[in-house]
Number of protein chains: 2
Amino acid sequence: MTAEAAPTRRTELLAIAAQLFADKGFKNTTVRDIAEAAGILSGSLYHHFDSKESMVDEILSTFQEQLFASYDAVLASDVDARTKIEQCVRLSFAAIDEHPHEVAIFQNEAAYLLTFDRFGYLADRNAQSRNLWMTLLTEGVSSGALRGDLDVTLTYRFIRDTVWVAVRWYRPGAGHSHEAIADQYLTILLDGIATTGG
Amino acid sequence: MTAEAAPTRRTELLAIAAQLFADKGFKNTTVRDIAEAAGILSGSLYHHFDSKESMVDEILSTFQEQLFASYDAVLASDVDARTKIEQCVRLSFAAIDEHPHEVAIFQNEAAYLLTFDRFGYLADRNAQSRNLWMTLLTEGVSSGALRGDLDVTLTYRFIRDTVWVAVRWYRPGAGHSHEAIADQYLTILLDGIATTGG
DNA sequence: CCCCCAACCAAGCAATTGCTTGGTACTGTA
DNA sequence: TACAGTACCAAGCAATTGCTTGGTTGGGGG
């Protein structure tokens, strides 16, 4: 359905749609908005796509595939849990840097899109992400790298939320680099903001 | 405009609308949805409110007023910066517990609503909140209670995001209490998740 | 008994929405 | 020259949207 090497125009239109979906929301973006931004009429979009839903679908599924492939690479590597946690965090901030629109759409629209059957794969990806973090955190605790009194479920949620919600304010090429942000965040997460011995 | 002791029915309708706005989004909730949930016809809503916009407006402004009043109480108290930070965090999780719909609406719809003049006060509240946290964090750093190498702007964003985004998964009366969540979060924020001496 | 008024209904209007249909311009290939 | 395929236009339809209008109901105060 979505397969093979995409022609240019289709990809262009998806990028335009992604930006609008990210900025104004899916429901709040009309097909006429997308068409106007692309310099064509709204009906012409249906030469390229079945529906407005198909557009978000293709945007999100393509992104998720890339993202989880890079998570898998980290998991397969031969380092300890704490290092894997660090790498996953850095990787997530890098994803925000490279695909801000896609991340924003997922953050803002996932709950709504999940009410449709065709977006069930988003729930699967959520579960996959949850497993990943829970495994790493549990490993970290039992190996002694992380504090024993951690509630891993809560810690997972805090990490997930703080990392991804950064898409709301992070702008590529403005202020901090995504690497610098990841550094600061990891410092806070791992060692806290209080002075030691407080 | 919004003043004085509210009659019962109006408040009921606002509560119904708030739940729908929080669950499905403002744009994605129709006046017919609200009316149906209230057991009346959509036109009858306009006996109580000017417009759909007026409903969110009243929901959000009322909540923000309460919230910032309680922040002010903390700021006026005579304790050190670190204690004030702790109290503000606890207070925020308590707000999520007591007004989950209002918090969710503000989190999800603020960006969109800010495109209308009438919601300009939301930007003012954001600035007010930013000032509050930046002041407390800067005080904490200069008094030596917080680490000197902190980027206070980034730290402010991390705290703000992590606290408020909890509204996405926190459900009053299920699993952890909001106090327990605040405890865990403060532990992580202040002392980190790594074992000391790592 | 009358009147008032808050709360609501019944019906519908104008605008906006996603999407369809039938046709046209242009480009490359044989 | 004929043909095919891509990318688009022009026009409009059916459904949904927020909101309006004029009228009805039922309970409480005088």
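In what follows, chains carry the letters A, B, and so on, assigned in the order in which the sequence lines appear, proteins first and then strands, with residues in each chain numbered from 1.
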Any B:S44 side-chain nitrogen or oxygen under 4.0 Å from OP1 or OP2 of C:dC9: yes
First encountered from the 5' end of DNA chain D, between A:A38 and B:S51: A:A38
Proximity to DNA chain D (any heavy atom under 4.0 Å), residues of residues 105-115 of chain A only: none
Sugar-phosphate only, base, or nothing, as touched by B:S42 at under 4.0 Å among non-hydrogen atoms: base
Nearest to side-chain heavy atoms of B:L41, which nucleotide of C:dG18, C:dC9, D:dC9: C:dC9
Short side-chain N/O contact to D:dC8 OP1/OP2 from A:H47, under 4.0 Å: no
Cluster overlap A:W164 with A:L113, hydrophobic side-chain contacts below 4.5 Å: no
Sugar-phosphate, base or nothing in reach of A:S54, heavy atoms under 4.0 Å: nothing
Nearest-angstrom distance from the residue atom CG of B:L13 to C1' of C:dA7: 10 Å
N/O (side chain, A:R9) to phosphate O (OP1/OP2, D:dC8) under 4.0 Å: yes
Distance test, side-chain N/O of B:H48 to OP1/OP2 of C:dC8, below 4.0 Å: yes
Nucleotide C:dC13, atom P - distance to OH of B:Y46 in whole Å: 17 Å
Rounded distance in Å - CD1 (B:I40) to C1' (D:dC19): 14 Å
Whole-Å gap separating P (C:dC8) and CZ (B:R10): 13 Å
Any side-chain donor near an acceptor of the partner, B:S129 and B:N126, under 3.5 Å: no
Criterion salt bridge (Lys or Arg N to Asp or Glu O under 4.0 Å) on A:R147 and A:D149, from CA distance to verdict: CA-CA 6 Å; A:R147 303 159 55 123; A:D149 63 338; 3.2 Å; yes
Spacing between B:E36 atom CD and D:dG18 atom C1', to the nearest angstrom: 17 Å
Minimum-distance pair of heavy atoms, taken over all atoms of A:K84 and A:V74: CE-O, 3.8 Å
B:R160 to B:Y156, cation-pi by 6.0 Å centre distance and 45° axis angle: yes
Sugar-phosphate, base or nothing in reach of A:T30, heavy atoms under 4.0 Å: sugar-phosphate
Whole angstrom value for the distance that separates P of C:dG18 from CG of A:D57: 17 Å
Proximity to DNA chain D (any heavy atom under 4.0 Å), residues of residues 16-28 of chain B only: none
Between P of C:dT17 and CG of A:D33, the distance in whole Å: 7 Å
Integer-rounded Å distance: C:dT17 P and A:E53 CD: 17 Å
salt_bridge(A:E58, A:R10) N-O dist < 4.0 Å: yes
Candidates C:dG18, C:dC9, C:dG12 - which lies nearest the side chain of B:R32: C:dG12
Residue pairs passing the salt bridge (Lys or Arg N to Asp or Glu O under 4.0 Å) test where at least one lies in residues 108-133 of chain A, sequence neighbours excluded: A:E53-A:R118, A:D57-A:R118
Criterion salt bridge (Lys or Arg N to Asp or Glu O under 4.0 Å) on B:E36 and B:R32, from CA distance to verdict: CA-CA 6 Å; B:E36 189 186 17; B:R32 285 172 179 79; over 6 Å; no
A:F26 six-ring centre to A:K52 NZ/CZ under 6.0 Å and within 45° of normal: yes
salt_bridge(A:R168, B:D161) N-O dist < 4.0 Å: no
